[in-house]
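This structure is a prediction, so every number in the text was calculated from the model and none was measured. The basis for the numbers below is simple: all heavy atoms, side chains too, and nothing from hydrogens, waters or symmetry mates.
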Amino acid sequence: MSAARRPADERTRTTTRVLLDRCGRTYADEAGIRLRDTPQPLYQLLVLSTLLSARIRADAAVAAARELFRAGLRSPEKMAGSDWQERVDALGRGGYRRYDESTATMLGKGAALVRERWGGDLRRLREGAQSREEVERRLQEVPGVGPAGAAIFLREAQGVWPGFAPYADKKVQDGARRIGLPTAPEKLSGLVGEDELPRLTAGLVRVALDKRTAEEVRRTATAAA
């Protein structure tokens, strides 16, 4: 049966599996974060989200996060207590040189805010929130975290914060549209198990950002027909 005549649900399942296989690694995993619903990995995800928010290559942001964590700056206490130059140097080693000085300042201020407002535990940020939008607003109180950073955080955190799933922002929906998957968050979440949802959204972001990756996913899915 040709790809054009295959049942829509079969095409969707094949495309989803190819997407997960080819580019379904979460950014947190790539940065070496073993994401759990505990204070330290959630803070590390916040740092990564801050770095990914800038207009810089994602691989440089991930590499910079790894260097910060390798330097021991894995908690708000360690980050706030670190020297500004130490943060600049770690960012530079990761190739994050264009924004290294301003980002080093924001990371210090952000760590101090997380400690003061939420006791260093981002689970407290979500407590009492009446909506996903309120959580997004609270995340954006952190220096360096705007709407894009809040979206990055929640895309990755939805695996350990299932109350906020399915989370599929415009970037995810753009990727889904590009490779012929449904764009509604509920329909996307129905394509995978709950534990795979962050991988699905990460893959869709990658195809939204890179047309060649999207074409490769479509071509491989067609060949698998």
Side-chain angles (χ1 to χ4, degrees), residues 12-37 41-66 68-69 94-96 122 132 135-136 139 144-221:
T12 297
R13 285 196 299 269
T14 301
T15 302
T16 301
R17 184 48 54 189
V18 170
L19 177 74
L20 291 174
D21 290 345
R22 292 298 180 101
C23 48
R25 188 180 185 188
T26 67
Y27 289 97
D29 182 61
E30 193 175 342
I33 302 170
R34 298 181 64 183
L35 194 55
R36 300 184 300 277
D37 190 22
L42 288 172
Y43 173 70
Q44 292 169 13
L45 177 60
L46 182 68
V47 169
L48 176 61
S49 300
T50 302
L51 299 177
L52 285 166
S53 297
R55 292 184 177 180
I56 197 166
R57 298 188 328 272
D59 58 348
V62 168
R66 294 183 71 94
L68 287 165
F69 304 150
Y96 204 87
L122 289 172
R132 183 182 300 163
V135 171
E136 290 174 326
L139 285 166
V145 179
I152 292 166
F153 184 94
L154 287 173
R155 284 199 304 258
E156 301 266 324
Q158 65 183 317
V160 294
W161 286 5
F164 295 94
Y167 188 89
D169 61 309
K170 183 179 182 299
K171 186 69 70 177
V172 170
Q173 294 176 28
D174 287 345
R177 191 175 296 110
R178 179 168 274 184
I179 60 173
L181 291 183
T183 58
E186 294 76 13
K187 289 187 177 181
L188 283 172
S189 68
L191 300 178
V192 294
E194 187 175 280
D195 61 328
E196 289 186 307
L197 191 51
R199 293 182 58 218
L200 176 66
T201 56
L204 290 172
V205 167
R206 287 187 169 95
V207 298
L209 295 173
D210 189 342
K211 184 180 293 186
R212 286 183 297 180
T213 300
E215 291 172 352
E216 181 183 343
V217 169
R218 288 198 304 265
R219 185 168 55 249
T220 304

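- When all heavy atoms of Thr213 and Cys23 are compared, the pair lying nearest together is CG2-SG, 4.1 Å.
- Nearest heavy-atom pair across Ala61 and Leu52 is CB-CD2, 3.6 Å.
- When atom types are taken as modelled, the side chain of Thr15 and the backbone of Thr12 share no donor-acceptor pair closer than 3.5 angstrom.
- Two residues are said to be in side-chain contact when any heavy atoms from C-beta on lie closer than 4.5 Å; Glu194 and Ser189 fail this criterion.
- Taking a cutoff of 4.0 Å between a charged side-chain nitrogen and a carboxylate oxygen, Arg178 and Asp174 do not qualify as a salt bridge.
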Check the pair Leu204 / Leu188 against side-chain contact (heavy atoms from CB on, under 4.5 Å), numbers first and verdict last. CA-CA 10 Å; Leu204 290 172; Leu188 283 172; 4.0 Å; yes
Derivation of the side-chain contact (heavy atoms from CB on, under 4.5 Å) call for Gln158 and Thr201: CA-CA 10 Å; Gln158 65 183 317; Thr201 56; 3.6 Å; yes
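- Under the salt bridge (Lys or Arg N to Asp or Glu O under 4.0 Å) criterion, Glu215 pairs with no residue, sequence neighbours left out.
- Atom CG in Leu19 sits 9.0 Å away from atom CZ in Arg199 (nearest 0.5 Å).
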Could you go through the side-chain contact (heavy atoms from CB on, under 4.5 Å) check for Tyr27 and Ile152 one step at a time? CA-CA 9 Å; Tyr27 289 97; Ile152 292 166; 5.9 Å; no
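- Here the shortest heavy-atom pairing between Gly144 and Thr50 reads O-CG2, 3.9 Å.
- Between Asp21 and Arg17 the shortest side-chain heavy-atom distance falls below 4.5 Å.
- Residues Tyr96 and Ile56 have side chains in contact (heavy-atom distance under 4.5 Å, counting atoms from C-beta outward).
- Annotation: side chain of Pro182 is in contact with side chain of Leu191 (closest heavy-atom distance under 4.5 Å).
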Before you tell me yes or no, could you show the steps for Leu68 and Leu51 under side-chain contact (heavy atoms from CB on, under 4.5 Å), namely the whole-Å CA-CA distance, both residues' side-chain angles and the distance that decides it to 0.1 Å? CA-CA 11 Å; Leu68 287 165; Leu51 299 177; 4.0 Å; yes
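- At a threshold of 4.5 Å between non-hydrogen side-chain atoms, the residues Leu154 and Arg132 count as touching.
- Nearest approach of Thr14 to Ala221, heavy atoms of both residues: CG2-O, 3.6 Å.
- A heavy-atom distance below 4.5 Å is not found between the side chains of Tyr167 and Leu197.
- Counting heavy atoms of neighbouring residues, nucleotides and ligands inside a 6.0 Å radius, atom CZ of Arg25 exceeds 12 of them.
- Leu139 places a side-chain heavy atom less than 4.5 Å from the side chain of Leu46.
- With rounding to the nearest 0.5 angstrom, the NZ atom of Lys187 is 12.0 Å from the CG atom of Leu181.
- Ion pairing between Lys171 and Asp169 fails under the 4.0 Å rule for side-chain N and carboxylate O.
- Across every non-hydrogen atom of Leu45 and Glu156, the tightest pair is CD1-CB, 3.7 Å.
- Arg66 approaches Gly32 most closely through the heavy-atom pair NH1-N, 3.3 Å.
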